[in-house]
Colleague: 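One structure coming up, written as structure tokens, with questions to follow.
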Amino acid sequence: MQKNEKLIGVLNDLIRINNDRFEGYKNLLTSQVQLGKEQRLLVYNMADQSRAFTSDLITEVIKLRTAENSGASLSAGIYRQSMSFSSSFSGVTQNEILLACQHLEEAIQKAYYDAICMAIEVPDRILNLVNDQKREMKVASSMIKDSMDLKHAVAA
């Protein structure tokens with residue numbers, strides 16, 4: 001049962017990270033920052049992606065038959081970053097917003113990597129789920145970088 005408690009703690013951390021990611025991107029979409037149509041769609045898709053990931057992770061926590069975490073925490077650093085990310089969008093350029101998104105995504109990638117590498121026994125279905133989510137977020141992060149590179153190329 002101790003192994004399940006640790007695993008549930010990790011999954012709960014990933015749920016919090018995805019909830020924070022969703023809120024950050026939702027705040028960006030409702031802010032006064034001018035985003036291009038492509039960037040707005042990307043941010044919307046990333047927010048939607050976090051909602052879907054949260055749902056999948058909650059399902060796994062329910063399958064493990066407890067909602068309490070053990071105190072394992074991957075999310076503290078991500079939470080601080082996402083709060084500073086979403087605290088204020090006024091007076092920043094579109095490129096600065098995309099750069100902040102890129103940094104947040106990199107921090108989330110690290111949290112997912114740490115979750116995968118934790119020294120606890122993880123059922124294959126959960127390991128596959130976490131790996132798939134990490135891979136999908138990596139694609140989204142690459143899209144942000146591509147959008148920034150394209151913006152730089154147009155400006156040059």
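Bear in mind that the values here come from a model prediction, so they are computed numbers and not experimental data. Numbers here are sequence positions counted from 1.
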Colleague: The criterion is salt bridge (charged side-chain N to carboxylate O under 4.0 Å, His left out); which residues satisfy it with Lys138, sequence neighbours excluded?
Modeller: none

Colleague: Would you kindly confirm whether Ile144 and Leu41 end up in one hydrophobic cluster when ILVMFWY residues are joined by side chain heavy atoms under 4.5 Å apart?
Modeller: no

Colleague: From Ser142 OG over to Glu105 CD, what is the distance, rounded to the nearest 0.5 angstrom?
Modeller: 10.0 Å

Colleague: In the structure I gave you, are the side-chain heavy atoms of Ile97 and Cys101 within less than 4.5 Å of one another anywhere?
Modeller: yes

Colleague: Any side-chain heavy atom of Asn18 sitting closer than 4.5 Å to one from Ile108?
Modeller: no

Colleague: Would you say the side-chain atoms of Arg51 pair up with the backbone N or O of Asn19, donor to acceptor, closer than 3.5 Å?
Modeller: no

Colleague: Salt bridge (charged side-chain N to carboxylate O under 4.0 Å, His left out) with Lys134: which residues, sequence neighbours excluded?
Modeller: none

Colleague: Measuring from Asp48:CG to Phe53:CZ, what's the distance to the nearest 0.5 Å?
Modeller: 10.0 Å

Colleague: Measure the shortest side-chain to side-chain distance between Lys63 and Arg125 over non-hydrogen atoms and say whether it is less than 4.5 angstrom.
Modeller: yes

Colleague: Find out if a path of hydrophobic residues (ILVMFWY) with successive side-chain heavy-atom gaps under 4.5 Å connects Leu98 to Val139.
Modeller: yes

Colleague: Taking it one step at a time, do Met143 and Met46 satisfy side chain to side chain contact (heavy atoms under 4.5 Å, CB included)?
Modeller: CA-CA 10 Å; Met143 292 173 75; Met46 291 169 71; over 6 Å; no

Colleague: So, the side chain of Thr54 versus the backbone of Ser50: is there a donor-acceptor pair under 3.5 Å, distance only?
Modeller: yes

Colleague: What pair of heavy atoms forms the shortest contact from Gln102 to Ser141, and how long is it?
Modeller: OE1-O, 3.3 Å

